[in-house]
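Here is the structure we will look at.
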Amino acid sequence: MSPLRVQAGGLGADQIQQIQLGGKMSDLRISSRGRVDHARPVRFSFDGKSYEGRQGDTVASALLANGVHLVGRSFKYHRPRGIVTAGSEEPNALIGTSRGPGQFEPNTRATMQEVYDGLTTESQNKWPSLKFDVGAINDRLYMLFSAGFYYKTFMWPKSFWDKVYEPFIRRAAGLGRSPTELDPDHYASRYLHCDVLIVGSGPAGLAAALTSARTGASVVVVDEQSEMGGTLLSEPSPMIEDKSAWVWLASALDELAGLPNVRLMNRTTAIGYYHQNMVGLCQKLTDHLSEVPADAPRERLWRVRAGQVILAQGAIERPMVFDGNDRPGVMMAGAAQTFLNRFGVKVGDRPVILTSHDSAWHTAFDLADAGCKVAAIVDTRTDIPPALMQAAMSRQIEVLTGHTATATGGRSRVKSIRVNPVRGGTVGTARTISCDAVLMCGGWTPSLHLFSHTKGSLEWDAKAKAYLPGHKTEAVHIAGAGRGLWGIAAALEDGAKAGADALRDLGRKAGPATYAVTGDRTGTGITQKELPTDRNPSSARAFVDFQNDVTAKDIRLAVREGMRSIEHVKRYTTNGMATDQGKLSNMNGLTIASDALGKDIPQVGLTTFRPPYTPTTFGALAGYHKGSHFEVTRKTPIDSWATENGAAFEPVALWRRAWYFPKSGEDMHKAVSRECRATRASLGIFDASTLGKIEVSGPDAVEFMNRMYTNPWAKLSPGKCRYGLLLGEDGFIRDDGVIGRIRDDLFHVTTTTGGAARVLNMMEDYLQTEWPDLQVWLTSTTEEWATIAINGPNARKLLAPLVERQDMSDAAFPHMSVAECTVAGFPSRLFRISFTGELGFEVNVPARHGRALWEKLMAAGKPYDICPYGTETMHVLRAEKGYIIIGQDTDGTVTPEDAGIGWAIGKSKPDFVGKRSLARPDIVAKGRKQLVGLLTENPKDVLVEGAQIVLDPKQAKPMKMIGHVTSAYWSEALGRSIAMAVVEGGFDRMGDTLHIPTADGGSQAAKVTGCVFYDPAGDRLKVE
Amino acid sequence: MLLIHCPYCVDTLPELEFAYAGEAHIARPANPMSQSDEEWRDFLFIRSNPRGLHAERWRHIHGCGRFFNALRDTVSDKFSVTYKAGRPRPDLEKAVQVPK
Ligand SMILES: [Zn+2]
């Protein structure tokens, strides 16, 4: 960008400065440094502008190389924000990435996204543009948006909630925008078993891997970065085994890659640590590629069951908390070191170091050696190791010890820092140092998130001023900086020991491993609360949580307002509740809260880390379970015929069932009316194959049936069937179905379509655990039979000529009979039963014959205008007769008496499941909801199923609801609507008029009746 | 995901194959009709809900189909021991870890 082409009048000083920095972009990239491929430039775009990066860059490193620090706006105050870290803990640099339609992803960490040719990225949370964001007005209203803001502001008046507050919160909530198109990518899943899983490939992880792998154990090493090596990638200067760190790294990786028992997985994040050493991994496969191979999965989710787990995840650097610590250009010192050494990028030309740990001094030295003018090293400590002082002096870096930082200058890029000496607790006179980056280090926090997932205890180590791993619940070892150790030699040694310990626990023996390290940068430091200031601390924007915009003041306010537990402080302030789970903010928040409470840190407690370690795509978690693979679709043997004949389908449990069979020009209403008419007038045919079927057999089968079902079974002779009702032990209806006795010791039980598995489970439960003495066998036969229901006055005329080995006369085969015979040449279990009120039969044949039988019946039924019907007509016909559907007319709180089917209870039986409960006080109390019929005043009105029922539609809201509509249909047979409903004291309201308010504010009136609307005498079953 | 030892299959298998089935050792009364309302209420609804070891029922529903019992810690979620239905609750002190 050329300054000449910009209207100077529209720019503030810091924007001009940024343009000038941008003009020097080539100076920020150091071709002699870093692991990126300087010979391979890559072009990508950010907010519509094209930038050049290098192969191996992240978006963050490439933008920094172009002098771009401003990459986003903050969540609450819309403050300009820059890149803070170089890793997955990044709180600020969240961007949208996109590859094409449906492939937009919000909240991607710019520090993790690798650049590739054609990558398109955008900043978030800004309008209309990143530099001029209207929402930044929130920053001016800082005092209003303090801790507990939502709880306080949106309390009153109540009427404001719907119209004002909720829309405001919804607009303000959430970072980034959700993609709206279907994700075209696919995602894979795998299981993996190994002896040792190592998370992290820094010096500790590599040493553990080498020790484990050399014994022949199966070893998996995972690292979330594109490259293995961890901290070694940012620390090229030490010598390991007389090799430079990067040469040693390459040889270690070579050795591991050459072993058949080792699997190295980069770009792979251990997202969760679950029971018994199962670790979930999310492996990114294509997000870094310019050309994605056809059919390549975007990500792969691994479920690893490891014998031993070694966590070598290092430590995360803590920010300093002071006014203006969120200004773009203020970042972690360790990140600046990574950008310099791994990516060959200077984050600025004139950095100031602000630290309380030795590590940041080395960052200063590396930057100075790379040609930066380090403006100063500001250390809050007074006691600095002489070697560091000398190294600073030899580089002519000014050192300010015992200092605090009290402000930063600049708007969209830091241009100065205000520092003051602190002597005896008093903050002295300020001095302003001009700079273009502030590199901070407030100590290091061991990364123990995965360990926390296992409920492993974290114990406060007063010396390390850190939580370190305590009691373990899994076969896990922690190595390196995770245990508070510092330096490459210590990490290598500890990793080798963790490997040996893991092998010992596996019953193997590891060889010894020692590593000679020279030039190691060991060091120590302190951690602290927010830095002291000479200004009013309550107006300081001293951020603790960058992503959720939580300041030190918010945390102190939460304590003042009565929050005592860190869990309460967290929820009241939202500290640590953003997508980074407080990787940078938790320990600073805890330190400040404990100071405000006047307690030691371990007494204030610790919040819990939960999976996933970093945000994970829904795609990875869903894996193959999407679209038609989301769940199985069960199809009957007759499904193909229904498809060929134009059926509309509906899902019922996991089945897909023919819903109705529209002829050309028919809508659902017309088709169903026709199917109903045809069945009642002559003959209907229905695929009932989804009915659950269970065979109950054995010498004690009848005793078992007596105990399970409410009905008496002893006197039911073979060849007869009966409606069976199953209760839970609590007395409520669970299931029903017709049950035929095939032989003395064999019952053919049918269940509801959705209830089959539940009923079998319940039967098995009682049989195995309550009555193991009974000799009974239970077999699910649902899918062994195709079941075809034939209903209508001509049903017998159709079937009789096709049936062999059974006299079909009414006398020989009366209603509620069952026979084993052949139908159209197929072996069959034939029931005479009716779920329509018409003369009815159900033919069961082995499933493989289902479609053939159906077609034979269709052909033979031509003279009777046989009409195939679907589930909708089945529902209408059964409702006209008042037959209930379990789960539609009942809901788990309905007893047999409530449903009006008390007749199904064998009153003389001493016991059955649920019998005792039918005498419970609540069950015999008055005013229970009872199942009744409803006839609307206007016969054309079909009520809405689920609609609530009231006595007086003019009463004030909220109305007293006395029940709800369970079934409602247009009855073709009656020429009017019908409905069933559960109503409080319904049996005592016969003839009363009730009211059903409608969604449009109106109301429908209906009269209470019995449930049998059609042929109450049952004459139609008795067709000769 | 837990690994669960089925005492009938004598094998340790993934949790996916099993279904939880409530607290164990709550026997259905031999003669429910002789139970008082309070006794019957307790049988139906009152559960121990301990913090710590809990005797509970599981079914190897996608395996052998058998119901069995387990002692499991409700804090750590971990199984201490599994045993066949009908066997008494193992003495806690003597409960031994099931080998994998
Ligand atoms: Zn089993």
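Below, chain A is the first sequence line, B the second, and so on; all start at residue 1.
- Counting heavy-atom neighbours within 6.0 Å of A:R305 CZ, excluding the residue itself, gives a total above 12.
- With a 4.5 Å cut-off on non-hydrogen atoms, A:S917 touches chain B through its backbone and its side chain both.
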Is there a side-chain contact (heavy atoms from CB on, under 4.5 Å) between A:N761 and B:F67 once you walk through the steps?
-> CA-CA 10 Å; A:N761 189 65; B:F67 284 84; 3.9 Å; yes
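- Only the backbone of A:P910 has a heavy atom closer than 4.5 Å to any heavy atom of chain B.
- Between A:E770 and B:I26, the closest heavy-atom pair is OE2-O, 4.0 Å.
- Minimum interatomic distance between A:R920 and B:L44 (heavy atoms only, all atoms of both residues): CD-CD1, 3.9 Å.
- Not one N or O on the side chain of A:K915 forms a donor-acceptor pair closer than 3.5 Å with the backbone of B:P32.
- Of all heavy-atom pairs between B:D37 and A:A919, the closest is OD1-O, 4.2 Å.
- A donor-acceptor distance shorter than 3.5 angstrom exists from the side chain of A:R916 to the backbone of B:Q35, with no hydrogens or angles considered.
- When all heavy atoms of B:R28 and A:F912 are compared, the closest pair comes out as NH2-O, 3.3 Å.
- With rounding to the nearest 0.5 Å, the separation of OG1 in A:T769 from CZ in B:R66 is 10.5 Å.
- Residue contact with chain A, scored on non-hydrogen atoms closer than 4.5 Å, is absent for B:R41.
- Annotation: the span from A:Y191 atom OH to B:M1 atom CE amounts to 4.5 Å, rounded to 0.5 Å.
- B:F45 touches chain A through its side chain: at least one heavy atom from C-beta onward sits under 4.5 Å away, while N, CA, C and O do not.
- Across all their heavy atoms, B:V75 and A:K455 have their closest contact at O-NZ, 2.5 Å.
- Residue B:D77 comes nearest to A:H275 through the heavy atom pair OD2-NE2, 3.0 Å, listed as atom of the first residue, atom of the second, then distance.
- For A:K926, the NZ atom is loosely surrounded, since the number of other residues' heavy atoms within 6.0 Å does not exceed 12.
- Judged by distance alone, with hydrogens and angles left aside, the side-chain atoms of A:Q768 form a donor-acceptor pair with the main-chain N or O of B:G65 at under 3.5 Å.
- Within the model, atoms CD1 of B:I61 and CD of A:E764 stand 9.5 Å from one another, a figure rounded to the nearest 0.5 Å.
- Looking at residues two or more places apart in sequence or on another chain, you find no ring pair (Phe, Tyr, Trp, His ring centres under 6.0 Å) involving A:Y273.
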